[in-house]
Amino acid sequence: DTEVTQTPKHLVMGMTNKKSLKCEQHMGHRAMYWYKQKAKKPPELMFVYSYEKLSINESVPSRFSPECPNSSLLNLHLHALQPEDSALYLCASSQPTGMEEAFFGQGTRLTVV
Amino acid sequence: GQQVMQIPQYQHVQEGEDFTTYCNSSTTLSNIQWYKQRPGGHPVFLIQLVKSGEVKKQKRLTFQFGEAKKNSSLHITATQTTDVGTYFCAGPKKTSYDKVIFGPGTSLSVIP
């Protein structure tokens with residue numbers, strides 16, 4: 001199984017809502033990532049979990065809250081988002097060596113209204 | 001800070017023509033990866049280059065890593081409509097190997 005599964009595929013939320021994005025992988029990868037991608041731009045790293053511990057937070061606003069319940073799951077909790085947060089949110093996983101390919105999920109297309 | 005640049009930003013080619021995208025890093029890279037993202041899709045890993053001067057081929061795709069390990073290129077011979085997408089190079093940040101920096105990408109359009 002070389003898949004990274006993300007749910008939901010699409011999400012529309014209001015600025016006062018709380019929602020969560022979910023990501024799952026069963027490849028035994030010990031690094032998991034959240035990226036944000038705007039149209040016609042490259043993926044922009046948000047968070048990295050290495051061995052279930054948060055190792056990198058790229059100065060992401062606190063309205064985004066990551067969580068790694070176990071080595072297979074990664075969540076991104078969303079609260080009080082702004083319209084400019086609308087984007088494709090990609091989850092990825094790899095081995096935490098910097099020398100391994102990253103497998104990306106299909107992403108969640110988020111629209112904040 | 002460490003930057004990864006790519007040129008060109010966009011390329012439109014007639015089907016059957018060749019295509020090349022170039023990736024340049026401001027610092028030496030331990031390795032470089034290439035990803036392809038189809039329109040509406042997600043990035044998919046193509047290849048990783050590790051050694052100075054390394055050349056790897058995948059069918060019509062040829063990847064090179066520069067001698068100084070600061071630049072790389074992807075060349076596609078005789079493009080097909082299936083090659084349409086954005087090609088990203090990516091490299092680990094020098095100070096944090098689990099942080100991969102993506103170049104801005106080259107968007108390839110193929111005119112049938």
Side-chain angles (χ1 to χ4, degrees), chain A residues 2-7 9-10 21 23 25 27 29-60 68 74 87-110, chain B residues 1-11 21 23 25 27-51 54 56 58 63 65 69 85-109:
Chain A
T2 57
E3 272 194 353
V4 175
T5 304
Q6 285 187 246
T7 56
K9 286 189 169 44
H10 301 274
L21 309 185
C23 175
Q25 58 90 13
M27 292 177 279
H29 290 163
R30 301 306 297 276
M32 295 187 76
Y33 313 82
W34 280 115
Y35 285 88
K36 173 182 177 180
Q37 188 177 30
K38 292 279 215 179
K40 300 190 187 305
K41 296 290 186 184
E44 183 184 331
L45 186 65
M46 300 174 71
F47 302 103
V48 180
Y49 273 83
S50 184
Y51 297 99
E52 296 87 70
K53 290 192 183 341
L54 184 65
S55 62
I56 293 176
N57 175 343
E58 287 290 278
S59 303
V60 179
C68 189
L74 186 67
L88 179 67
Y89 288 83
L90 293 160
C91 172
S93 72
S94 74
Q95 294 300 356
T97 64
M99 301 290 287
E100 305 287 336
E101 66 178 281
F103 290 79
F104 282 81
Q106 292 186 328
T108 294
R109 180 75 58 186
L110 174 68
Chain B
Q2 185 176 351
Q3 289 188 336
V4 177
M5 305 303 294
Q6 274 184 262
I7 53 169
Q9 188 176 0
Y10 300 98
Q11 185 84 60
T21 173
C23 175
S25 171
T27 60
T28 302
L29 297 169
S30 59
N31 66 81
I32 196 157
Q33 298 176 347
W34 285 92
Y35 291 82
K36 176 184 178 181
Q37 186 171 19
R38 293 180 188 272
H42 59 280
V44 174
F45 176 82
L46 294 177
I47 208 157
Q48 175 171 270
L49 304 170
V50 178
K51 298 177 185 174
E54 189 170 13
K56 285 189 177 180
Q58 286 180 350
F63 303 84
F65 201 9
K69 301 183 76 172
T86 301
Y87 292 85
F88 295 103
C89 63
K93 195 170 172 63
K94 206 160 190 164
T95 53
S96 178
Y97 280 154
D98 54 358
K99 180 175 175 178
V100 172
I101 299 175
F102 278 76
T106 296
S107 177
L108 173 64
S109 299

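Lettering of chains follows the sequences in order, A, B, ..., and the numbering in each one begins at 1.
- For A/Arg109, the CZ atom counts as loosely surrounded, since its 6.0 Å shell holds 12 or fewer non-hydrogen atoms of other residues, nucleotides or ligands.
- Side-chain atoms of A/Glu44 do not come within 3.5 Å of backbone N or O of B/Phe102 as any donor-acceptor pair.
- Within 6.0 Å of atom NZ in A/Lys38, more than 12 heavy atoms from other residues, nucleotides or ligands are found, so the atom counts as buried in its surroundings.
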| query | Does the pair B/His42 and A/Tyr35 meet the rule for a side-chain contact (heavy atoms from CB on, under 4.5 Å), with working shown? | reply | CA-CA 11 Å; B/His42 59 280; A/Tyr35 285 88; over 6 Å; no
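- If you take OG1 on B/Thr86 and NZ on A/Lys41, they are separated by 12.0 Å, rounding to the nearest 0.5 Å.
- Highest contact tally toward chain B, considering only A/Gly107, A/Gly105, A/Ser94, is held by A/Gly105 [criterion: heavy-atom pairs under 4.5 Å].
- The two residues B/Gly103 and A/Pro42 have their closest heavy-atom pair at O-CB, 3.2 Å.
- Using a 4.5 Å cut-off on side-chain heavy atoms (C-beta onward), B/Tyr35 and A/Pro43 make no contact.
- Of the two parts of B/Gln6, neither the backbone nor the side chain holds a non-hydrogen atom closer than 4.5 Å to a non-hydrogen atom of chain A.
- Of the two parts of A/Glu58, only the side chain, counted from C-beta on, holds a non-hydrogen atom closer than 4.5 Å to a non-hydrogen atom of chain B.
- For a residue to count as touching a neighbouring chain, one of its non-hydrogen atoms must lie under 4.5 Å from one of that chain's; by this rule B/Val50 touches chain A with the side chain only.
- Contact between B/Pro43 and A/Leu90 at its shortest, heavy atoms only, is CD-CD1, 3.8 Å.
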